[in-house]
There are 2 protein chains.
Amino acid sequence: MINSRLSVAIHILSLLASHPRDRLTSEYIAGSVQTNPVVIRRLTGMLRKAGIVTSSPGTAGAVLTKAPVEITLLDVYDAVFAGEDLFSIHNTPNPDCQVGRNIQDTLDTHFERAEQAMKDELARQTLADTMEHLFA
Amino acid sequence: MINSRLSVAIHILSLLASHPRDRLTSEYIAGSVQTNPVVIRRLTGMLRKAGIVTSSPGTAGAVLTKAPVEITLLDVYDAVFAGEDLFSIHNTPNPDCQVGRNIQDTLDTHFERAEQAMKDELARQTLADTMEHLFA
DNA sequence: GATTTTGTAACTGATTCTGTTACAGGATCG
DNA sequence: CGATCCTGTAACAGAATCAGTTACAAAATC
């Protein structure tokens, strides 16, 4: 339902974490994800803006700025979905109806709680957990 | 990010709950949501298949099968997103790479926990809570 | 029998998503 | 210094999804 950005971003970070000494090119990573290198560079750009990795033009590879145990999946989620709400609310309910007038506030409250619960759970899981599961 | 089906479905149920004696037509409900009546009938159909409302061809209106306090937002979520996963996982990671080979299982585990946390929170909120917020 | 309504299929335009091409500019190495 | 490799980013394309719409058969009502 939600797009695969979080999925690919975690894949990228897993590769970086598992080859800490190598400088993995976007082409190499794309080979593991099986997609186009530009897809990797786009996501790496989001991770960089969020401060999760460093990378620079011309220099191969990206480097984690923190240990995997300090990178939560919420950090990654926030990096690739910056500022987006989980649930959409329909735009223009009818203000001449009490339900229509108040439904957006009400849904905001409900949805905010659900989204927060999901984020709390993502915050409990880290890239170190991912690595453990991958290499167990 | 997620589409507005849950949002509109809760709007529909709120109207039904707040006019328990009237037979609200899809056109009336569409007037409050400000959309097309077919959009309402489509969602009402999903709610009917899930057993949350009854309705039948020719007869105006839909009727809740349970009291609002017994209808959780998870019931509504399941009705309109039957069987869909919250997060997408990229299709064909490279099996010749240990990360690629195991990433789908790993992500499944992570995402399942996050999705379940979100659903647990939706299950804690009911249509009665919605009504209270709407009419407080 | 005329009218109203639901249920559902089919289509449309807008948007989003993933993949792709293209290229400017930084880094590296002979 | 020039060739090569790489990143970052813009721009575009096809596929998929979404919300809205038209159309109509069949059921209910008056």
Side-chain angles (χ1 to χ4, degrees), chain A residues 1-9 11-12 15-16 22-50 52-63 79-94, chain B residues 1-9 11-12 15-16 22-50 52-63 79-94:
Chain A
M1 200 175 332
I2 298 180
N3 64 42
S4 61
R5 294 207 295 251
L6 181 57
S7 171
V8 176
H11 190 148
I12 293 170
L15 285 169
L16 297 181
D22 303 332
R23 309 299 309 248
L24 306 184
T25 66
S26 59
E27 188 164 349
Y28 175 88
I29 297 174
S32 173
V33 176
Q34 295 212 302
T35 183
N36 188 289
V38 174
V39 173
I40 304 304
R41 296 205 287 271
R42 269 203 291 249
L43 285 166
T44 303
M46 297 184 197
L47 297 171
R48 177 165 31 78
K49 278 174 193 141
I52 297 174
V53 304
T54 56
S55 68
S56 54
T59 310
V63 179
V80 299
F81 298 126
E84 291 187 52
D85 284 332
L86 183 60
F87 291 102
S88 307
I89 297 180
H90 52 297
N91 292 337
T92 52
N94 192 332
Chain B
M1 199 173 333
I2 298 180
N3 63 42
S4 62
R5 294 207 296 253
L6 181 58
S7 171
V8 176
H11 191 149
I12 293 170
L15 285 170
L16 297 180
D22 303 331
R23 309 300 309 249
L24 306 184
T25 66
S26 60
E27 189 163 348
Y28 175 88
I29 298 173
S32 174
V33 176
Q34 294 211 303
T35 181
N36 189 288
V38 174
V39 172
I40 304 302
R41 296 206 286 273
R42 267 203 293 249
L43 285 166
T44 303
M46 297 184 196
L47 297 171
R48 176 165 32 76
K49 278 176 192 138
I52 297 174
V53 304
T54 57
S55 67
S56 56
T59 310
V63 179
V80 299
F81 297 126
E84 292 186 53
D85 284 332
L86 183 60
F87 291 102
S88 306
I89 296 179
H90 52 297
N91 293 338
T92 52
N94 192 334

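Not measured: the values here are computed from a predicted model. Residue numbers start from 1 in every chain, and the chains themselves are labelled A, B, ... in the order their sequence lines are given, proteins ahead of strands.
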Specify the residue among A/T59 and A/Q34 whose closest nucleotide of DNA chain C lies further upstream toward the 5′ end.
A/Q34

Whole angstrom is fine here: how far is it from NZ in B/K49 over to P in C/dG7?
10 Å

Rounded interatomic separation in angstrom, taking CG from A/L47 and C1' from D/dT7
15 Å

Distance (rounded to the nearest 0.5 Å) between A/H11 NE2 and A/L16 CG
10.0 Å

Tell me the interatomic distance from B/I89, atom CD1, to C/dC17, atom C1', rounded to whole angstroms.
17 Å

For A/V39 and for A/S56, locate the closest nucleotide of DNA chain C by heavy-atom distance; then report the residue assigned to the nucleotide nearer the 5' terminus.
A/V39

Give a yes/no on whether any side-chain N or O of B/S4 is located under 4.0 angstrom from OP1 or OP2 of D/dA19.
yes

D/dG8, C/dT6, D/dA19: which one has an atom nearest the side-chain heavy atoms of B/S26?
C/dT6

Assign A/R23 to base, sugar-phosphate, or nothing according to its heavy-atom contacts below 4.0 angstrom with the strands shown.
nothing

Sugar-phosphate only, base, or nothing, as touched by B/N3 at under 4.0 Å among non-hydrogen atoms:
sugar-phosphate

Of all the choices, C/dT5, D/dA23, D/dT9, which nucleotide is nearest to the side chain of A/R48 once you look at every atom?
D/dT9

By side-chain contact (heavy atoms from CB on, under 4.5 Å), B/N3 pairs with (sequence neighbours left out) B/R5, B/F81

Find which nucleotide of DNA chain D each of A/T25 and A/M1 is nearest to by heavy atoms, and output the residue with the more 5' nucleotide.
A/T25

Tell me: CG of B/N91 to C1' of D/dA15, nearest whole Å?
13 Å

Specify the separation, in whole Å, of atom NE2 of A/H90 and atom P of D/dG20.
10 Å

Closest to the B/R5 side chain, choosing from D/dC18, C/dG26, D/dG20:
D/dC18

If I take atom CZ from residue B/R41 and atom CD1 from residue B/I29, how far apart are they, to the nearest 0.5 angstrom?
10.5 Å

To the nearest angstrom, the CD1-C1' distance between B/I12 and D/dA19 comes to 13 Å

From CZ of B/R42 across to C1' of C/dG7 the rounded distance in Å is 12 Å

Exam field: side chain B/S88 to backbone A/I2, donor-acceptor pair closer than 3.5 Å:
yes

Just how far, in rounded Å, is C1' of D/dC18 from CD1 of A/I2?
16 Å

Please check this pair: side chain of A/S26 against backbone of A/I40, looking for a donor-acceptor N/O pair closer than 3.5 Å.
no

B/N36 or A/A60: which one's nearest nucleotide on DNA chain D is closer to the 5' end?
A/A60

